[in-house]
Amino acid sequence: MAYDELTVAVLGPGGTGGLLAALLSRSGHRVICLAGESTAQTLRKDGIRIRSAKFGDFTAPVEADTELREPVDALVIAVKHTSLAAALDRVPPAALGDAVVVPLLNGVEHPATLRARYRPDRVAPTVIRVESTRVAPGVIEHGSPIAEIDLAGDDVPRDRLDALAQALTSAGPTTRVLADETASLWAKMSFLAPFALLTTRYGLPLGDVRTRHREELTALVEETAAVSSASGGPADPAQALARYDAFPAATKSSMQRDAEAGRPLELDAIGGALLRAAERHGVEVPATARVVRELRDAGH
């Protein structure tokens, strides 16, 4: 698989998937976006338009379909966890073949779901750090200077991961291959869970949460770190708190934005998964359990 001639399918060409699809297309790769019929028609006709301070403003042509109908080198899964099951119907296992599966989802449980459906030695759990928004079908605004990707996949052949990382880096986002997928996923979970749960619970940006609810934030950070450690991931509560303190005060979590917009929340993929891991390893997480319960009681 030469990195300069990949065929990449993108399931969910929204803020993140659309950005990657356009960047890969601009870099010379063949890109097939998988979406509903109306979105697919728009993408076939107009391509994907990017507005980005980092990557420039440009339009990239892509192919688009409602279902994958041929083998590809890689499948990028960029849907939310809440719509994963329905979205996977667009990618029949027989059509996918030997492709590397690159899920960009939050949480830690989706790799097992994907390994049960596709070749387990081709699933490459991946973490992406980017703020990118779909403002209309095929129109993406990338507002932040950050676009970084951590590829992992303990059983995926290293040359496949290296080729994909090279293609992504040459297209724009700085991409590295990590040796331990569990550590990578839990590093993200340890940062994301306290931030997402508390900003959503109180309907406040990070600046207010870290001042007005500091004690609770600290408790969730310490509990999440303990579960991460028990699960084989990193644990550094002080570093997590320092990262929160360094973020702009107005920062909101994507879960909070979903709540504000009335969209389904990834509460089970983040909070639920954290509680299940805690129970599996016998770790007490009373503060996290209470916040998750309160969010569920509020109808989330």
query: About how many Å separate CG of L23 and NE2 of H29, when rounded to the nearest 0.5 Å?
result: 10.5 Å

- prompt: Going by the angle between their ring planes, with limits at 30° and 60°, are F195 and F247 parallel, tilted or perpendicular?
  reply: tilted

message: Taking A152's backbone N and O only, do any of them form a donor-acceptor pair with E181's side chain (distance below 3.5 Å, no angle check)?
response: no

- prompt: Given side chains that start at C-beta, do those of L178 and L151 come closer than 4.5 Å, heavy atoms only?
  reply: no

Ionic contact status for E70 with R30, cut-off 4.0 Å: yes

field: Any donor-acceptor N/O pair, D236 side chain to Q239 backbone, under 3.5 Å
entry: yes

field: Distance-minimising heavy-atom pair for R49 and T59
entry: CG-OG1, 3.1 Å

task: With the side chain counted from C-beta on, respond yes when L43 and P137 share a heavy-atom pair under 4.5 Å apart, and no when they do not.
output: no

field: S132 versus T16, side-chain donor and acceptor atoms under 3.5 Å
entry: no

query: From L11 CG over to C33 SG, what is the distance, rounded to the nearest 0.5 angstrom?
result: 10.0 Å

L6-I149 co-clustered via ILVMFWY side chain contacts under 4.5 Å: yes

- line: P13 and I140 have their tightest heavy-atom pair at O-CD1, 4.3 Å

- prompt: Between V156 and R122, which heavy-atom pair has the shortest distance, and what is it?
  reply: CG2-C, 3.7 Å

statement: In short, salt bridge (charged side-chain N to carboxylate O under 4.0 Å, His left out) pairs touching residues 136-145 with sequence neighbours left out are R51-E141

- prompt: Do V8 and I48 belong together in a cluster built from hydrophobic side chains that touch within less than 4.5 Å?
  reply: yes

- prompt: Do T39 and R134 come within less than 4.5 Å of each other through their side chains, counting heavy atoms only?
  reply: yes

- prompt: Does any N or O in the side chain of R290 come within less than 3.5 Å of the main-chain N or O of V285, such that one atom is a donor and the other an acceptor?
  reply: no

message: For V100 versus A124, what's the shortest heavy-atom pair and its separation?
response: CG1-CB, 3.9 Å

query: For E37, does the CD atom sit with more than 12 other heavy atoms under 6.0 Å from it, leaving out its own atoms?
result: yes

query: Hey, is CD on E294 packed in by over 12 heavy atoms from elsewhere, all under 6.0 Å?
result: yes

- prompt: Is D46 close to V139 at the side-chain level, that is, under 4.5 Å between some pair of heavy atoms?
  reply: no

- request: Can you measure from CG (L185) to OG (S231) and round to the nearest 0.5 angstrom?
  value: 11.0 Å

field: Sequence neighbours excluded, every pair satisfying salt bridge (charged side-chain N to carboxylate O under 4.0 Å, His left out) that has a member inside residues 242-259
entry: K80-D258, R214-D245, K252-E260, D258-R263

task: Indicate if L192 and V283 have the same hydrophobic cluster label, given that clusters are the connected sets of ILVMFWY residues with side-chain heavy-atom separations under 4.5 angstrom.
output: yes

Check: D57 side chain, S52 main-chain N or O, donor-acceptor pair, under 3.5 Å: yes

message: Can you tell me how far apart CG (D208) and NE2 (H213) are? Round to the nearest 0.5 Å.
response: 8.0 Å

- prompt: Yes or no on side chain to side chain contact (heavy atoms under 4.5 Å, CB included) for T126 and T175, after CA distance, side-chain angles and deciding distance?
  reply: CA-CA 10 Å; T126 297; T175 305; over 6 Å; no

- prompt: So, for L68 and A95, which heavy atoms are closest and what is the spacing to 0.1 Å?
  reply: O-CB, 3.5 Å

field: Result of checking T200, T251, T199 against V209 for side chain to side chain contact (heavy atoms under 4.5 Å, CB included)
entry: T199

message: So for atom CZ, which belongs to R115, do other residues, nucleotides or ligands contribute more than 12 heavy atoms lying within a distance under 6.0 Å?
response: yes

- request: Given side chain to side chain contact (heavy atoms under 4.5 Å, CB included), test I146 with E131 step by step and report yes or no.
  value: CA-CA 7 Å; I146 299 171; E131 278 185 52; over 6 Å; no

field: Path from F191 to L267 over hydrophobic side-chain contacts below 4.5 Å
entry: yes

message: Check whether H110 reaches the backbone of A112 with its side chain - one donor and one acceptor, N or O, closer than 3.5 Å.
response: no

- line: Exactly one candidate in D98, D121, D73 meets side-chain hydrogen bond (donor to acceptor under 3.5 Å, both in side chains) with R160; the answer is D98

query: Cation-pi between R26 and F58: NZ/CZ under 6.0 Å from ring centre and within 45° of the ring axis?
result: yes

- line: When every non-hydrogen atom of S190 is compared with those of T224, the smallest separation belongs to CA-CG2, 3.5 Å

query: Nearest 0.5 Å, what's the CZ-CG distance between R117 and L114?
result: 9.0 Å

message: Please evaluate residues V130 and L19 with respect to the criterion side chain to side chain contact (heavy atoms under 4.5 Å, CB included), reporting the C-alpha separation (whole Å), side-chain torsions for both, the decisive distance (0.1 Å), and the verdict.
response: CA-CA 10 Å; V130 69; L19 177 66; 3.9 Å; yes

- prompt: Considering the options L274, L275, D268, which one meets the side chain to side chain contact (heavy atoms under 4.5 Å, CB included) requirement together with V292?
  reply: L275

- request: Taking only Lys NZ, Arg NE, NH1 and NH2, and the carboxylate oxygens of Asp or Glu, determine whether E148 and R129 approach each other closer than 4.0 Å.
  value: yes

message: Checking Y202 against Q256: is there a side-chain donor and acceptor pair closer than 3.5 Å?
response: no

- line: Paired with V91, the side chain to side chain contact (heavy atoms under 4.5 Å, CB included) test is passed by just one of L75, V101, I77, namely L75

task: Treat each ILVMFWY residue as a node, draw an edge where side-chain heavy atoms are under 4.5 Å apart, and state whether L20 and L161 are in one component.
output: yes

- prompt: S228 side chain to P234 main-chain N or O, any donor-acceptor pair under 3.5 Å?
  reply: yes

- prompt: Tell me, do P111 and P103 make a side-chain contact under 4.5 Å, heavy atoms counted?
  reply: no

- prompt: Under the 3.5 angstrom rule, does the side chain of D150 hit a backbone N or O of V127 as a donor-acceptor pair?
  reply: no

message: Using only atom types and a distance under 3.5 Å, with no angle test, would you say the side chain of R90 pairs donor to acceptor with the backbone of T66?
response: yes

task: Give, for atom CD1 of I270 and atom NE2 of H81, the distance between the pair rounded to the nearest 0.5 Å.
output: 9.5 Å

- request: Go through V177 and D162 one step at a time and tell me if the side chain to side chain contact (heavy atoms under 4.5 Å, CB included) criterion holds.
  value: CA-CA 7 Å; V177 178; D162 286 340; 3.7 Å; yes

query: Is E63 salt-bridged to R44, going by a charged N under 4.0 Å from an acidic O?
result: no

query: Is R210 reaching over with its side chain to a backbone N or O of Y244, donor-acceptor style, under 3.5 angstrom?
result: yes

